[in-house]
Amino acid sequence: MIVINFKTYKQGKEVLKLAKIIERVDKNIIVGVQAADIVKIAEKTKLNIYAQHVEHFGPGRHTGYILPESVKANGAKGTFLNHSEHKIAFPELKKTIERCKKLGLKTMVFASSLKEAKKIEGLKPDYIVFEPPELVAGKISVSKAKPELIKKISKNVKTKIIVGAGIHTKEDVKKSLELGASGIAVSSAITLAKNPERKLRELLSY
Ligand code: G3P
């Protein structure tokens, strides 16, 4: 599994341009995009689209919030939750996962440690993404810096584990999978690449 987190690096037409490049490489890749970009990418590509966050509220008086109903109706298949750049309190996370399950929206929940991953496992999300926050957007990958921890989390947590942070070479991808991860999450290596298609093909070429 490959997850590409667009974060907020690109806006408007640039988002669609990158999404089309990714689709050309592999339409099964999961892309996590800003809520405002979901509908456009859903209309123009066959990518597997995830929101970057949703709230636990239902329809009603919640001005400015992003509802699971809304992202689903616009074409998202799932949502990220609890990314290190958008942490949420545990009780809120629990409610949000429950709401998403009822709506049939997949949940990909981020964890910064084995302890947090174990706690999140109890909420039965579809996927857990292990990302040490200090390695995010850096040049040292999670697979280089924390190989033992990836192994330990993959062994001790039953939910499918994806790993991310600092991944930028095919060796990083290969190593992550060898250590027991079911997939990788990447952002800056692709979103900031001069030639994102070449970079993505390189990452997938291991
Ligand atoms: O969700 C993926 C992300 O946080 C990793 O970012 O830039 O280190 O690939 P990056």
Side-chain angles (χ1 to χ4, degrees), residues 1-11 14-15 18-19 21-22 25-26 28-35 37-38 41 47-54 66 71 76-88 93 96 106-113 116-117 120 125-147 149-150 153-154 157 159-177 179 181-206:
M1 280 179 77
I2 308 287
V3 181
I4 302 181
N5 183 353
F6 280 41
K7 303 199 175 183
T8 55
Y9 283 117
K10 295 191 184 295
Q11 326 300 328
E14 287 297 305
V15 177
L18 181 59
I21 291 172
I22 294 168
V25 177
D26 185 345
N28 297 311
I29 287 174
I30 293 176
V31 291
V33 300
Q34 296 188 66
D37 294 315
I38 292 173
I41 299 177
L47 284 167
N48 197 350
I49 305 166
Y50 275 48
Q52 293 180 2
H53 171 78
V54 293
I66 302 163
V71 301
K77 297 277 184 290
T79 184
F80 296 168
L81 288 170
N82 200 45
H83 191 280
S84 60
E85 293 155 7
H86 197 146
K87 287 300 251 191
I88 52 179
L93 180 59
T96 315
K106 299 254 185 216
T107 50
M108 187 173 280
V109 182
F110 289 71
S112 306
S113 63
E116 195 182 10
I120 290 169
D126 293 287
Y127 310 101
I128 292 177
V129 189
F130 168 58
E131 288 194 357
E134 71 279 11
L135 299 175
V136 169
K139 283 289 173 219
I140 299 168
S141 70
V142 60
S143 54
K144 269 202 194 101
K146 313 262 180 190
L149 201 45
I150 296 179
I153 292 182
S154 308
V157 177
T159 313
K160 272 197 177 154
I161 296 291
I162 293 163
V163 298
I167 290 182
H168 60 283
T169 67
K170 62 180 177 182
E171 286 74 26
D172 294 333
V173 180
K174 184 170 183 273
K175 187 94 191 172
S176 302
L177 302 182
L179 290 165
S182 302
I184 59 112
V186 59
S187 181
S188 50
I190 302 294
T191 55
L192 301 179
K194 278 206 183 97
N195 185 334
E197 179 164 354
R198 191 162 63 200
K199 190 69 200 171
L200 183 54
R201 288 193 190 279
E202 179 201 320
L203 290 186
L204 298 181
S205 70
Y206 73 90

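All ligand and atom numbering here is 1-based and tracks the order in the structure.
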Quick one: does [X]'s side chain have a donor or acceptor within less than 3.5 Å of a partner on [Y]'s backbone?
X	Y	result
T107	D126	yes
Q52	K7	yes
K10	T191	yes

Which residue owns the protein heavy atom closest to [atom], what's the atom, and how far is it?
atom	value
atom 1 (O) of ligand 1	E131 OE2, 2.7 Å
atom 9 (O) of ligand 1	S187 N, 2.8 Å
atom 7 (O) of ligand 1	S188 OG, 2.5 Å

With nothing but distance in play, are any N or O atoms of Y9 less than 3.5 Å from an N or O of ligand 1?
no
Counting only heavy atoms not in K87, do more than 12 sit closer than 6.0 Å to its NZ atom?
yes
Does at least one non-hydrogen atom of [X] fall below 4.0 angstrom from an atom of ligand 1?
X	answer
H168	no
F110	yes
A189	no
A137	yes

Which class fits the ring pair H86 and H53: parallel under 30°, tilted 30 to 60°, perpendicular over 60°?
parallel
Within 4.0 Å of some non-hydrogen atom of H83, the atoms of ligand 1 are 1 (O), 3 (C), 4 (O)
Would you call E202 and K199 a salt bridge, using N to O less than 4.0 angstrom?
yes
E197 bridged to R201 by N-O distance under 4.0 Å:
yes
